[in-house]
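What follows is one structure encoded as structure tokens, with my remarks underneath.
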Amino acid sequence: MNRRRRGTAFLAVAGLTAGLLLTAPQPASAANLIKNPGFETAGADGMPYCWEKSGWGDNDFTFTTTADAHTGSKAMKVELTRRVDGDRKALITESAVCAPVVTPGKQYDLGLWYKTTTPDAAITLFRHDTTAGWQYWTDLKTLDLSGNWTEATVRTPEVPAGTDRISWGVSVYGTGSATTDDYTMDQVPDPVLPPECTGTAQQCADGKWDVLPTRNPVRSMHSVVLNNGKVLLIAGSGNDESMFEAGTFTSAVYDPANGSYKIIPTPKDMFCAGHVQLQDGRVLVMSGNKAYPVPGGHGYEGYKDSYIFDPKTETYSKTNDMNDGHWYPSATILGNGDVISFGGLREDSTGSVTAELFSEAEQQWQPLWKVNQTWSYWGLYPSMILMQDGRLFYSGSHVFGNNIPGTGSAIYDYGANTTTQVPGLRNKDERDQSASVLLPPAQDQKVLTLGGGNIDSNPEANRLTDIIDLKQPNPSYVAGPPIPQGTVDLGNGPVPQTGNQGKMYVSAVLMPDGKVLETGGALHNRADPVYETSIFDPASETFDPVAVDPEARGYHSSAFLLPDGRVMTTGDNPGNGSWNHDVSVYSPPYLFKGPRPQITSVIDTEWNYGDTQRITVDRPVAKAELIRPAAVTHSSDPNQRFVDLPLSVDGNNVDLNVTSNPNLAPPGWYMLFAVDANGVPSVAKWVHLQGPQALGATDASAHVHDFADKPTGKVVKPGKKRTSQKVSPTVSGCDRHYGSINVCVPTHFPAEVKKTTAARCEWLKANDYGRLKVNGKDDPLGLDRNRDGIACGKGDVARR
């Protein structure tokens, strides 16, 4: 086994034969699952029985059995005297004799006594998968500096399916030492009370949708959950040319507490911009729409302007300009608080090949010469997900048409400035407006990609899901379960989906119980809404169909988690140019399982990496996590993540162990949820995870494990410097020769529509396109056969 990728290359395996033992082995007690918990029984290679040396990297180290014990006569000391990288750890031997047996779905309380002379020591956990063997699981708790014997306790997450044993111990990843003794491990008792259904049987099984009485006043296609619990809804011109020409650009702030909307003056057309929350909770909004297409001329154009929205003042302020225009850009926050952006359309409507970097320290976009460039065109809204080591995973989800060349997914290393193709993504050119999420918890480094289509060729959208485990040395997508089918409205009311019919315009939302809600979508380019909602369980990799949003949610729709645990959905912009202003809110099944736990106090809302933070709860909870608030548009929110907080439980006092790796939880404001054993979450509390200044005394690279360290895909280095990528003016899948600019007559009709004027006009009528003026003299779709300047008139249909 290649153990370097999980940070534990064995130095030697402790001998377990009777001839090597100095005293009889200490069995595990009835309560304590650890054998030889106090190191009193000797083994081989200078290590106690059932314990082994482990570690990796360039460092000088010693393992010592010392008489400086907490109890008894022996303790284990691990010391690093020089470190370039890597760690050293003393672990329970990974064998059937020594490693404790565990039960999937259960949790275990781990404990030990320790002394440390370094702040860089942590309790590290490994698991034995019955199929894949031993593998790194997670770091649970950072140990505080302590010159005296101190007890550390922590509760594991639920044991994953397929796990039969675990191994754990203390890793040291900075110069100094950790001395440990008296290890304990106990299974957490099952909850006494089963869930109590507080709604109808159907609500308890499937949840419930409500359409709110107050409609969204703006045509918003961007939804950002703010750190005060409100929601910023950005429309700009709202894909309405008349508003663009009038200079009427709008945003609104929605307050879930009272259901009110406040219209916000908006300085520029932020229609199809990019956005992300900065470390301090303000929202960075980049680029937007400089110009709508001209039939026979240019396509959409993106401007260079960038703005910051302040939730406190509810106003926009301008930043410096980007180096290029970026209509439909990506936006990913990095572990140091910087923001990186790729793709989109330039001011001349060609594709931007310029990467942009917003500096957290300088609060401005960096000049071109300071930013690494590949001169690659990543497309529109490419889904770029931050990995645990700072690289970016392009999942293959994007907007409009075909995927990038190659396999359609890749790992981009900004420091090395290389792109490595990643295999396995099926139907890579039918992932237009699919959704991709980093599955809960972020520590597991698994990504789910689901659905999608292609607005250029306009096939029926697919049901595909693909899952990739970025912990593997050579990661590859593998097929996941198909999205459940619902009903589709083809123009005459909803009918059951058949064959392989799936959906594009998918929304995927991380929920506080550790599952993923997927909802909304359509079968074709801005047409044929699909009514289907289901919940994906990462543990079992299965979908559970649930109650369905009664509103159509296709192009320009959003779905996002509210701090109270509900999911809000907005928008729908069919090809006929209409807009759905109704707002729906979903109450998941966990809100009908009895009283919710309450976080009664948060001792400190300002958190640092590696902290132990205390909260109090009104009753026992099974887990807690940070969820980064949504910044979603066009099925895309690459910054969405669920970060597990291992617990140390003392009655109603719960200590939360914060990750030491800022790439797992980039700096910013997070929703903190506590969840009971039945999966019922609290209402969230807001906490602020500090940025780069919190890492001043700590080597962040020490917390990085060698995941995805041996990808064998084609490696692409930076290409030659160039200005742009040529992009067709019909990139949005709309033929602008017909109707107003906000009307999208498809360049390719669905396959079932015959290539005749009558059939096409019948489809347009069924989809409420109304009267369509012909723009100019060209009639590429043959809709104005009598050339009277009106498409699909009586004379056109009669002439066929």
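Predicted model only: the values in this text are computed from it and were never measured.
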- Query: Judged by atom type as modelled, is there a donor-acceptor pair below 3.5 Å linking the side chain of D637 to the main-chain atoms of A631?
  - Reply: yes

- Query: Where is the tightest heavy-atom contact between V339 and W365, given as atom of each residue plus distance?
  - Reply: O-CZ3, 4.3 Å

- CE of M387 to CZ of F393, rounded to nearest 0.5 Å, is 8.0 Å

- Here the pair of heavy atoms bringing N678 nearest to D676 is N-OD1, 2.9 Å

- Query: Does the pair N639 and T332 meet the rule for a side-chain contact (heavy atoms from CB on, under 4.5 Å), with working shown?
  - Reply: CA-CA 6 Å; N639 300 290; T332 304; 3.8 Å; yes

- Task: Show your reasoning for whether side-chain contact (heavy atoms from CB on, under 4.5 Å) applies to T533 and W209.
- Result: CA-CA 11 Å; T533 301; W209 287 91; 4.0 Å; yes

- Message: Run the salt bridge (Lys or Arg N to Asp or Glu O under 4.0 Å) test against D549 and tell me which residues pass, sequence neighbours left out.
- Response: R553

- Can you check whether E360's main-chain N or O pairs, donor with acceptor, with Q363's side chain at less than 3.5 Å? yes

- Is the shortest side-chain N to carboxylate O distance from D564 to R566 below 4.0 Å? yes

- Query: Does a donor on one side chain sit under 3.5 Å from an acceptor on the other, for S146 and D144?
  - Reply: no

- Message: Going by salt bridge (Lys or Arg N to Asp or Glu O under 4.0 Å), name the residues that satisfy it together with R641, two or more places apart in sequence or in a different chain.
- Response: none

- Message: Contact between L386 and I333 at the side-chain level, heavy atoms closer than 4.5 Å - yes or no?
- Response: no

- Item | Separation of Q279 CD from Q690 CD (nearest 0.5 Å) | 5.5 Å

- Tell me, with the steps shown, if S557 and T569 meet side-chain contact (heavy atoms from CB on, under 4.5 Å). CA-CA 7 Å; S557 64; T569 61; over 6 Å; no

- Message: Please check this pair: side chain of R83 against backbone of Y173, looking for a donor-acceptor N/O pair closer than 3.5 Å.
- Response: yes

- Task: First locate atom CG of N652, then atom CD1 of I615, and finally report the distance between them rounded to the nearest 0.5 Å.
- Result: 10.5 Å

- Just say parallel, tilted or perpendicular for the rings of H222 and H634, cut-offs at 30° and 60°. tilted

- Only one of V516, L517, V437, L450 forms a side chain to side chain contact (heavy atoms under 4.5 Å, CB included) with F536, so which one is it? V516

- Message: Donor-acceptor pair, distance only, cut-off 3.5 Å: does the side chain of S341 make one with the backbone of S330?
- Response: yes

- Sub-3.5 Å donor-acceptor pair from the side chain of D618 to the main-chain atoms of Q598, do we have one? yes

- Task: Measure the shortest side-chain to side-chain distance between F592 and P195 over non-hydrogen atoms and say whether it is less than 4.5 angstrom.
- Result: no

- Using the six-membered ring wherever Trp is involved, compare the ring planes of Y136 and F707 and label them parallel, tilted or perpendicular (cut-offs 30° and 60°). tilted

- Message: Can a donor-acceptor pair be found, under 3.5 Å and without considering hydrogens, that links the side chain of Q277 to the backbone of V225?
- Response: yes

- Item | Nearest heavy atoms of A624 and D644, plus distance in Å | O-OD1, 3.7 Å

- Within the distance-only criterion (no hydrogens, no angle test), does the side chain of R596 pair as donor or acceptor with the backbone N or O of P681 below 3.5 angstrom? yes

- Message: If the test is side chain to side chain contact (heavy atoms under 4.5 Å, CB included), which one of F673, Y590, F642 qualifies with M511?
- Response: Y590

- Query: Distance from Y586 atom OH to I535 atom CD1, nearest 0.5 Å?
  - Reply: 4.0 Å

- Carboxylate-amine/guanidinium contact D190 K106, below 4.0 Å: yes

- Query: Is R628 close to V643 at the side-chain level, that is, under 4.5 Å between some pair of heavy atoms?
  - Reply: no

- Correct closest heavy-atom pair for A152 and Y114 would be CB-CE2, 3.8 Å

- S682 side, atom OG; M671 side, atom CE - distance, nearest 0.5 Å: 11.0 Å

- Query: Under 6.0 Å from the NZ atom of K318, do we count more than 12 heavy atoms belonging to anything else shown?
  - Reply: yes

- Message: Do M286 and E356 make a side-chain contact, defined as non-hydrogen atoms from C-beta onward lying under 4.5 Å apart?
- Response: no

- Task: Could you tell me whether the side chains of T519 and S507 share a donor-acceptor contact shorter than 3.5 Å?
- Result: no

- Query: Side chains of S383 and S397: do they bring a donor and an acceptor to under 3.5 Å?
  - Reply: no

- Task: Check whether more than 12 heavy atoms from other residues, nucleotides or ligands sit under 6.0 Å from atom CD of E196, and answer yes or no.
- Result: no

- Item | Minimal non-hydrogen separation, H705 against D139, with atom names | NE2-OD2, 3.5 Å

- Message: Below 30° counts as parallel, above 60° as perpendicular, anything between as tilted: where do the rings of Y307 and Y316 land?
- Response: perpendicular

- Query: Between S534 and E518, is any side-chain donor less than 3.5 angstrom from a side-chain acceptor?
  - Reply: yes

- Query: Are the aromatic ring centres of Y394 and F342 under 6.0 angstrom apart?
  - Reply: no

- Below 6.0 angstrom between ring centroids: does that apply to W137 and F126? no

- Flag side-chain contact, heavy atom, 4.5 Å: L125 against I166: yes

- Query: Counting heavy atoms not belonging to K593, are there more than 12 under 6.0 Å from its NZ?
  - Reply: yes

- Query: With a 4.0 Å cut-off, would you call R282 and D280 a salt bridge?
  - Reply: yes

- Passing option when D611 is tested against T142, D655, V658 for side chain to side chain contact (heavy atoms under 4.5 Å, CB included): V658

- Task: Verify, without hydrogens or angle tests, whether T150 (side chain) and N148 (backbone) share a donor-acceptor contact under 3.5 angstrom.
- Result: yes

- Message: With heavy-atom distances below 4.5 Å as the criterion, would you say the side chains of L664 and Q445 are in contact?
- Response: yes

- Message: Between S306 and T319 (side chain of the first, backbone of the second, donor and acceptor by atom type, cut-off under 3.5 Å), is there such a pair?
- Response: no

- Message: Hydrogens and angles aside, do N336 and D338 bring a side-chain donor and acceptor to less than 3.5 Å of each other?
- Response: yes

- Query: Which heavy-atom pair separates I599 from K685 by the least distance, and what is that distance?
  - Reply: O-CE, 3.3 Å

- Message: Pair L226, V283 - check side-chain contact (heavy atoms from CB on, under 4.5 Å), show working.
- Response: CA-CA 8 Å; L226 306 172; V283 181; 3.7 Å; yes

- Note on the structure: Residue set satisfying salt bridge (Lys or Arg N to Asp or Glu O under 4.0 Å) with D389, at least two apart, ordered chain then number -> R391

- If we only count heavy atoms from C-beta on, is the T449 to I468 side-chain gap below 4.5 Å? no

- Spacing of E625 atom CD and L647 atom CG [to the nearest 0.5 Å]: 10.0 Å

- Is the backbone of Q388 close enough, under 3.5 Å, to the side chain of N661 for a donor and an acceptor to pair up by distance? yes

- Please examine the side chains of I234 and S220, heavy atoms only from C-beta on, and report whether any two atoms are closer than 4.5 Å. no

